[in-house]
Amino acid sequence: MADYHYREAKGADASAPLLFVFHGTGGDENQFFDLGSQLLPGARIIAARGDVSEGGALRYFRRTAEGVYDMDDLRHRTAQMTAFVQARIAETAPRAVLGLGYSNGANILAAVQFAAPSLFDASVLMHPLIPFSPATADFTGRQVLITAGQHDPICPAPASQALADYFRAQGAQTTLYWHAGGHELRPEELRETQTFLGSLGK
């Protein structure tokens, strides 16, 4: 298992919901750590630092160009992250296991979900880009919120729609929320995320 450097905020109790937050390229474990506590007060927050450097910018897996992933490395890093998540879950008895990721963080979160569909009860994938066809999986009973920009130059709208269609086809209760901008995070999608997570963490 990868020995990720991570920050943690203890939950209000042993059964507190567990929220994993994953940063974007160039971020670190601090990028969404405080946001996690704001979005879901009382939750246990885990924020792992990506262990791949791209010209000094931290990521969770390698790529050879924008939108072109090193698939062997992605498989390796996905297995490492899955083991890390499983180990953190085993430390308490969370009543819900949730994930939130932005950009590269959304991509590794989605990859873990493809590999282990039962691991997360729900996830928030902010501006994900999955440039491959995931395998069939059973996401029955899982909930997924995808947020995306209608004019995102990094994550084209058709790719966001295709990912939402995939999760729906695999049985997940899926919401696709659009804003009118690009790859940036906007206040309205954070409000949508807070409503989504708040309904799950009770």
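Heavy atoms only: backbone and side chains are in, while hydrogens, waters and symmetry mates are out. In what follows, residues are counted from 1 in the order of the sequence shown.
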Discussion item. Is it the case that the side chains of H127 and E189 hold a donor-acceptor pair, with the cut-off being a distance below 3.5 Å and no angle test?
Written reply: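 E189 vs H127: donor-acceptor pair found between side chains.
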
Worksheet item: Do Q113 and S123 have side-chain N/O donor and acceptor atoms under 3.5 Å apart?
Response: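 Checked: Q113/S123 side chains pair up, N/O donor to acceptor below 3.5 Å.
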
Worksheet item: Under the side-chain contact (heavy atoms from CB on, under 4.5 Å) criterion, do R186 and T147 qualify, and how do the steps go?
Response: CA-CA 10 Å; R186 289 196 169 187; T147 68; over 6 Å; no

Fill in: Within 6.0 angstrom of Q161 CD, more than 12 heavy atoms from elsewhere
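Buried by this count: over 12 neighbours within 6.0 Å.
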
Discussion item. Using 30° and 60° as the class boundaries, would you call the ring planes of Y102 and H183 parallel, tilted or perpendicular?
Written reply: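 Ring orientation of Y102 relative to H183: tilted.
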
Worksheet item: Linking I/L/V/M/F/W/Y whenever any side-chain heavy atoms sit under 4.5 Å apart, do L35 and L58 land together?
Response: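 No, L35 and L58 fall in different hydrophobic clusters.
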
Worksheet item: Would F132 end up clustered with I154 when hydrophobic side chains under 4.5 Å apart are linked, directly or stepwise?
Response: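 No, separate clusters.
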
Item to complete: Please list, chain by chain and in numerical order, all residues satisfying side chain to side chain donor-acceptor pair (under 3.5 Å) with Y69, sequence neighbours excluded.
Response: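 For Y69 the side chain to side chain donor-acceptor pair (under 3.5 Å) partners, ignoring immediate neighbours, are N107.
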
Worksheet item: Quick one: does H5's side chain have a donor or acceptor within less than 3.5 Å of a partner on E29's backbone?
Response: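 No: the side chain of H5 does not pair with the backbone of E29.
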
Fill in: Main-chain N/O of D138 paired to T140 side chain as donor or acceptor, under 3.5 Å
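No: the side chain of T140 does not pair with the backbone of D138.
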
Fill in: Pair F196 and Y177, ring centroids less than 6.0 Å apart
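Between F196 and Y177, the centre distance exceeds or equals 6.0 Å.
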
Discussion item. Looking at D70 and R63, is any side-chain nitrogen of the basic one under 4.0 Å from a carboxylate oxygen of the acidic one?
Written reply: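 No, R63 and D70 are not salt-bridged.
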
Item to complete: Please determine if R88 forms a cation-pi arrangement with F84, meaning its NZ or CZ atom is less than 6.0 Å from the six-membered ring centre and no more than 45° off the ring axis.
Response: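 Here R88 passes the 6.0 Å and 45° test against F84.
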
Item to complete: Examine R7 relative to F33 and say whether NZ or CZ is less than 6.0 Å from the centre of the six-membered ring and inside a 45° cone about the ring axis.
Response: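 The answer is yes, since R7 meets both limits relative to F33.
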
Practice prompt. Would you please test N104 and F61 for side-chain contact (heavy atoms from CB on, under 4.5 Å) and show each step?
Written response: CA-CA 8 Å; N104 181 245; F61 58 88; 3.3 Å; yes

